[in-house]
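When a residue number appears, it is its place in the shown sequence, counting from 1. Note that ligands are numbered from 1 as they come in the structure, with each ligand's atoms numbered from 1 the same way. From a predicted model like this one, the values you see are computed outputs, not experimental measurements.
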Amino acid sequence: MNTHRDHISHSRKKGRVGKRGHIFIVSAPSGSGKTTLCRALMEHIPDLLYSVSFTTRPRRNGENEGIDYYFLSKEEFEKGIKEGKWAEFANVHGNYYGTSADILDKGLHSGKDILLDIDVQGAEQILKRYPESVTIFISPPSMDALKQRLEKRGTDSGEVIKRRLKDAEKELARKDVYRHIIENDKLQKAVDDIIAVVKQYR
Ligand code: 5GP
């Protein structure tokens, strides 16, 4: 097992020791540009840690273990459930995804702010555990735009895209759970908006 440092990507070295960090939760339907917006946050916000999730989903081309996700088997994930290892976990589009409780707690106690890229089921669980978490939902301009982006991305099969679009409707229906909603119509505007939201809390 790796140490917690291995699980969290550091955007900058300095921390705020003695003060507990904020949790920023970013959720969005698949294909809403969330990864791009999270990357922009990591580049523009000093001292922000990205919480690398664990998943049973197969690794995509170009994804790296410990950077994009920790990839593990269904059995390993379910063992983690029994052992209470996850701060939150959910079945998303047919695979398990989860955040390690230990890694999250250690990150927060180091005084740094942490960015979680998780779905709405996970967001609700984190809010129960850390009610002061800042929640941000990224909304696609339309279902059609989402479909086009997923097809253009070319990372998922037709079957997977269909499932993700169906799930997107359910996710959009729950966006009121979130404190901030950002519409990703024009990318640069969405980048500016999400940076402004995070800066409000720092
Ligand atoms: P993807 O397979 O496209 O990387 O991610 C699919 C969905 O799973 C995204 O909506 C993403 O936010 C969500 N997700 C990623 N990691 C986690 C996690 O640790 N917990 C939960 N609940 N959802 C996650």
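- Y96 and F77 have parallel rings, their planes meeting at less than 30° on a 0 to 90° scale where 60° marks the start of perpendicular.
- A distance of 7.0 Å separates CG in L116 from CD in E88, rounded to the nearest 0.5 Å.
- The neighbour count for R129 CZ, taken as heavy atoms of other residues, nucleotides or ligands under 6.0 Å away, is above 12.
- Counting only residues at least two apart or on different chains, the salt bridge (Lys or Arg N to Asp or Glu O under 4.0 Å) pairs with a member in residues 134-148 are K147-E151.
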Tell me which donor-acceptor pairs under 3.5 Å the side chains of residues 130-141 have, and how far apart each pair is, sequence neighbours excluded?
{"residue": "Y130", "atom": "OH", "partner": "D105", "partner atom": "OD1", "Å": "2.1"}
{"residue": "E132", "atom": "OE2", "partner": "R20", "partner atom": "NH2", "Å": "2.6"}
{"residue": "S133", "atom": "OG", "partner": "Y130", "partner atom": "O", "Å": "2.7"}
{"residue": "T135", "atom": "OG1", "partner": "R179", "partner atom": "N", "Å": "2.8"}

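- Under the 4.5 angstrom side-chain criterion for Ile, Leu, Val, Met, Phe, Trp and Tyr, the cluster partners of F71 are Y69, V92, Y97.
- Residues lining ligand 1 at a heavy-atom distance below 4.0 Å are given as A28, K34, S53, R57, R60, Y69, E88, A90, V92, H93, Y97, G98, T99, D117, I118, D119, G122, R164, ordered by chain and residue number.
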